Amino acid sequence: MRITRITVYHVDLPLEHPYWLSGGRLKFETLDATFVKLETDEGVTGWGEGTPWGHTYVPAHGPGIRAGIETMAPFLLGLDPRRVLDVERAMDMALPGHLYAKSPIDMACWDIAGQAAGLPIADLMGGGSRTPRPIASSVGAKTVDETRAVMDRYRQRGYIAHSVKIGGDVARDIARIRDVEANRAPHEIILYDVNRGWTRQQALSVMQATEDLCVMFEQPGETLDDIAAIRAKHAAPVSVDEALVTLQDATRIARDGLAEVFGIKLNRVGGLTKAARMRDIALAHGIDMFIMATGGSVLADTEALHLAATIPDANCKAVWACQDMITVDIAGGRGPRNIDGHLHLSETPGLGVHPDEDALGSPVAVYEAR
Ligand code: MG
């Protein structure tokens, strides 16, 4: 089987509500999504998506994905997409780094490999759990009252996992954490996501003021060095998200004991092939995981669900469904959707959901084997 054509689409995915991170430092209204269709000489077609969370969140850029694919395409045409390691190495040779540009290609290859094998991607990767994965809410509220209202809205829809966005104002963060903990149900999974919004000193202030509550903080500083410095002074459980990009980051976090949880975002780390290695490092070191798309449509959420299904139930905290935050549905209601705050793995071979091409507009680029 050979890749014969790579077709690239650019779609803007508007967010239902403007979204702020890092204590209001970063604002997001529309996500720049790239969809990729890989066609083969055997008639099997695979789809991938790369949707960074804007271009201010982490070093990932929507137009950069499309430029990256233009650069890599001549090295990919003619390869067997089922040999995902060959494709990964070809991409890494053609364009070192730029992991976010590679994830849609990797995803489309896994989609084809799954269809060719007659297996959902998770089963092709070695076996997927059918336990529905809880979807983490994304609570971007600012005040105590707003936080309570947003969480109650999610609870009414069945959510048991919550990512409460904090960072920026120490006194307000402490007040919000105390209120959320006072109202938390015993079975709820809650993490406080700083999204890099604290200095080292601010992190220690909040951790010390809330240490009786034993809550978990995600990405409480900008870098792994910041987190290492904070960890040396406080024992609060930590999840690393934005600073987990490469396999080397994963090995450092594991070896140095910098976190209890990996937040693995597939677009950021370069797709399923690279993320699966991070999963194994996490499992080997007693580290649990949140698995998420960086953003995007049901395709990106589904990719994340496949990886999440390959993690033992006890070690997979939650997934995320960005699809619930955007106003455009490029797959007409198909694919894993939010059912009572959970996503269910489909038995369809491959990714299990393809977009409506009509919903994607005209391609912005087509690369073909000569
Ligand atoms: Mg996070």
Side-chain angles (χ1 to χ4, degrees), residues 15 19-28 31 51-60 99-100 103 133-142 147 150-151 154 159 161-168 173 176-177 180 188-198 202-203 206-207 215-224 226-227 230-231 236-246 249-250 253 258-270 275 278-279 282 287-296 300-301 303-305 307-308 311 316-325:
L15 293 171
Y19 191 88
W20 284 268
L21 277 180
S22 281
R25 190 162 59 101
L26 305 175
K27 183 182 182 185
F28 305 90
L31 304 181
T51 306
W53 192 256
H55 56 265
T56 53
Y57 170 55
V58 293
L99 299 171
Y100 62 95
S103 78
R133 295 297 183 215
I135 304 170
S137 70
S138 196
V139 184
K142 297 221 167 49
T147 306
V150 173
M151 289 185 74
Y154 277 114
Y159 282 72
H162 303 278
S163 174
V164 180
K165 306 303 174 187
I166 58 172
D173 288 342
R176 289 176 63 219
I177 292 167
V180 169
E188 284 185 320
I189 301 158
I190 299 180
L191 71 81
Y192 295 90
D193 191 352
V194 187
N195 290 112
R196 303 168 291 163
W198 285 337
Q202 288 173 320
V206 180
M207 286 175 172
V215 300
M216 176 171 286
F217 297 94
E218 184 160 280
Q219 198 69 39
E222 183 78 29
T223 64
L224 289 182
D226 292 329
I227 292 173
I230 293 163
R231 292 282 281 188
V238 163
S239 165
V240 173
D241 184 356
E242 288 88 347
L244 172 57
V245 181
T246 66
D249 295 330
I253 295 164
L258 300 187
E260 282 68 32
V261 168
F262 280 1
I264 300 179
K265 287 206 174 85
L266 283 159
N267 181 251
R268 183 184 65 228
V269 307
M278 293 181 173
R279 170 203 61 199
I287 294 170
D288 292 339
M289 283 160 273
F290 279 91
I291 306 294
M292 295 155 283
T294 304
D301 294 338
E303 181 193 30
L305 181 62
L307 181 67
I311 297 168
C316 182
K317 294 271 194 197
V319 295
W320 186 46
C322 184
Q323 56 182 289
D324 287 347
M325 296 173 71

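The structure displayed is predicted, hence computed values, not measured ones. Order of appearance sets the numbers: ligands from 1, and atoms from 1 within every ligand. Hydrogens, waters and symmetry mates are skipped; everything else that's a heavy atom, side chains included, is used.
- Looking at D193 and the Mg ion (ligand 1) together, the shortest N, O or S contact belongs to OD2.
- H162 and Y154 have perpendicular rings, their planes meeting at more than 60° on a 0 to 90° scale where under 30° would count as parallel.
- Contact detail for L266 and L307: the closest heavy-atom pair is CD2-CD2, 4.0 Å.
- The minimum heavy-atom distance linking G295 with C322 is given by the pair CA-SG, 3.7 Å.
- Within E218, the N, O or S atom lying nearest to the Mg ion (ligand 1) carries the name OE2.
- Across Q219, E222, E218, E242, a single residue satisfies side-chain hydrogen bond (donor to acceptor under 3.5 Å, both in side chains) together with N195, and that is E242.
- Distances from the Mg ion (ligand 1) to the N/O/S atoms of D241 are shortest for OD2.
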